[in-house]
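Report on the following structure.
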Amino acid sequence: MSVQTFPLTERIGTEVRGDVATMLTAETAGHLRKLLIERGVLVFKKAGFTDEQQVTLAGLMGTVRDEGENGVFKITLNKAEGNYALKGSFLWHMDGTHDDVPVFASLLSGKILSKVGGQTEFANSYQAYEELPEETKDRIGTLKVVHSVTHSMSQAGVSLDPATAAAAGRGDKVHNLVWTHESGRKSLVIGCHASHVVGMAMDEGRALIKELIAWATQPRFVYRHEWDVGDMLIWDNTGVLHRAEPYPEDSGRMMHRTTLVGEEAFA
Ligand code: OGA
Ligand code: MN
């Protein structure tokens with residue numbers, strides 16, 4: 001094995017150390033993939049992955065999604081190339097709840113950091129489900145939630161018309177609140193995009209969603225990454241929530257992201 005691994009917290013996050021070039025084998029990538037699903041987040045501190053190495057590792061761990069240039073999408077609020085919708089990433093979220101099959105995982109490299117803010121946090125939504133009181137599990141087990149990009153953007157202070165969202169393939173979707181994965185493990189499908197609960201009064205559903213997000217993001221389920229340039233992170237989007245600490249639009253922050261296509265539909 002060409003890597004060494006060290007748990008970062010009890011419930012989420014493992015640091016991976018080793019020489020990048022020797023990591024890029026099917027055997028190591030297969031090992032990392034398993035570890036990712038077990039631990040939610042993998043952290044490669046100051047590993048200095050080039051774009052090409054990042055895409056190579058991604059391709060060995062799954063199927064690279066066609067976004068950005070040659071598999072690398074730039075995460076930045078910079079005026080010229082920035083995407084205003086990224087302001088939604090300042091709130092706890094999962095990626096791709098507007099799809100039936102959400103993206104599996106993302107690899108994110110820190111290229112230019114913000115002087116203030118811009119750290120990234122992850123919360124283990126498998127473990128958060130697991131540790132819920134049994135009566136809560138019984139109460140929420142069959143509930144369905146409407147996920148809305150318009151709702152998440154409005155909380156981020158960005159107004160987005162539902163028809164525009166739908167036309168961009170980002171219309172509302174209904175998912176089970178508790179996702180039973182093919183593995184048999186269960187996780188919570190929540191985040192700033194979770195608008196309301198089907199068949200429940202609006203404010204009651206919103207209060208429940210708020211309560212579950214607060215539960216799942218308690219310190220014991222969270223890993224907070226303080227970035228150095230050259231760090232690379234991978235998160236299992238199907239079993240963690242994540243958010244970026246707010247950073248100024250003109251901070252220059254630039255991250256390179258490679259995303260793996262989803263393999264399992266919400267269920
Ligand atoms: C993302 C995301 C967080 C960050 O790329 O999906 O939420 O810290 N990024 O930039
Ligand atoms: Mn995100």
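Ligands are counted one by one from 1 in listed order, and the atoms in each one are counted from 1 as well. We're numbering straight along the sequence, starting at 1.
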(Q) To check your reading of the model: name the closest protein heavy atom to atom 3 (C) of ligand 1, its residue, and the distance in Å. (A) A244 CB, 3.9 Å
Q. Can D100 and K173 be counted as an ion pair, charged N to O under 4.0 angstrom?
A. yes
(Q) Any carboxylate oxygen within less than 4.0 angstrom of a Lys/Arg side-chain nitrogen, looking at E131 and R11? (A) yes
Q: For D95, take its heavy atoms, then give the atoms of ligand 1 lying under 4.0 Å from any of them.
A: 6 (O)
(Q) Test your reading of the structure: does R243 have an N or O sitting under 3.5 Å from an N or O of ligand 1? (A) no
Q. For ligand 1, which atoms have a heavy atom of S89 less than 4.0 angstrom away?
A. 7 (O)
(Q) Name the residue from H147, H151, H98 that meets the ring pair (Phe, Tyr, Trp, His ring centres under 6.0 Å) definition with H193. (A) H147
Q. What is the closest protein heavy atom to atom 9 (N) of ligand 1, and at what distance does it sit?
A. L108 CD2, 4.2 Å
Q. With respect to the Mn ion (ligand 2), what is the nearest N, O or S atom of H93?
A. NE2
Q.
Can you report which non-hydrogen protein atom sits closest to atom 6 (O) of ligand 1, along with the distance?
A. R257 NH1, 3.0 Å
Q) Taking the six-membered ring for Trp, are the ring centroids of H181 and Y126 within less than 6.0 Å of each other? A) yes
Q. Is any side-chain N of the basic residue among E15 and R17 closer than 4.0 Å to the acidic one's carboxylate O?
A. yes
Q: For R253 and Y247, indicate whether the former's side chain and the latter's backbone hold a donor-acceptor pair under 3.5 Å.
A: no
(Q) Once you measure the plane-to-plane angle for H225 and W227, does it fall in the parallel (<30°), tilted (30-60°) or perpendicular (>60°) bin? (A) perpendicular
Q. With only distance considered, is W235 within less than 3.5 Å of ligand 1 through an N or O on each side?
A. no
Q: For T63 and L260, indicate whether the former's side chain and the latter's backbone hold a donor-acceptor pair under 3.5 Å.
A: no
Q: Could you tell me which atoms of ligand 1, counted from 1 in the order shown, lie closer than 4.0 angstrom to a heavy atom of H242?
A: 1 (C), 2 (C), 6 (O), 7 (O)
Q. What protein heavy atom is closest to atom 8 (O) of ligand 1, reported as residue, atom name and distance in Å?
A. T120 OG1, 2.6 Å
**Q.** Close N or O approach (H93, ligand 1; < 3.5 Å)
**A.** yes
Q. Which angle, to the nearest 10 degrees, do you find at the Mn ion (ligand 2) between NE2 in H242 and OD1 in D95?
A. 90°
Q: Give the ring-plane orientation class for F266 versus W179, where under 30° counts as parallel, over 60° as perpendicular and anything between as tilted.
A: tilted
Q) Tell me: protein heavy atom nearest atom 10 (O) of ligand 1, and distance? A) R253 NH1, 2.9 Å
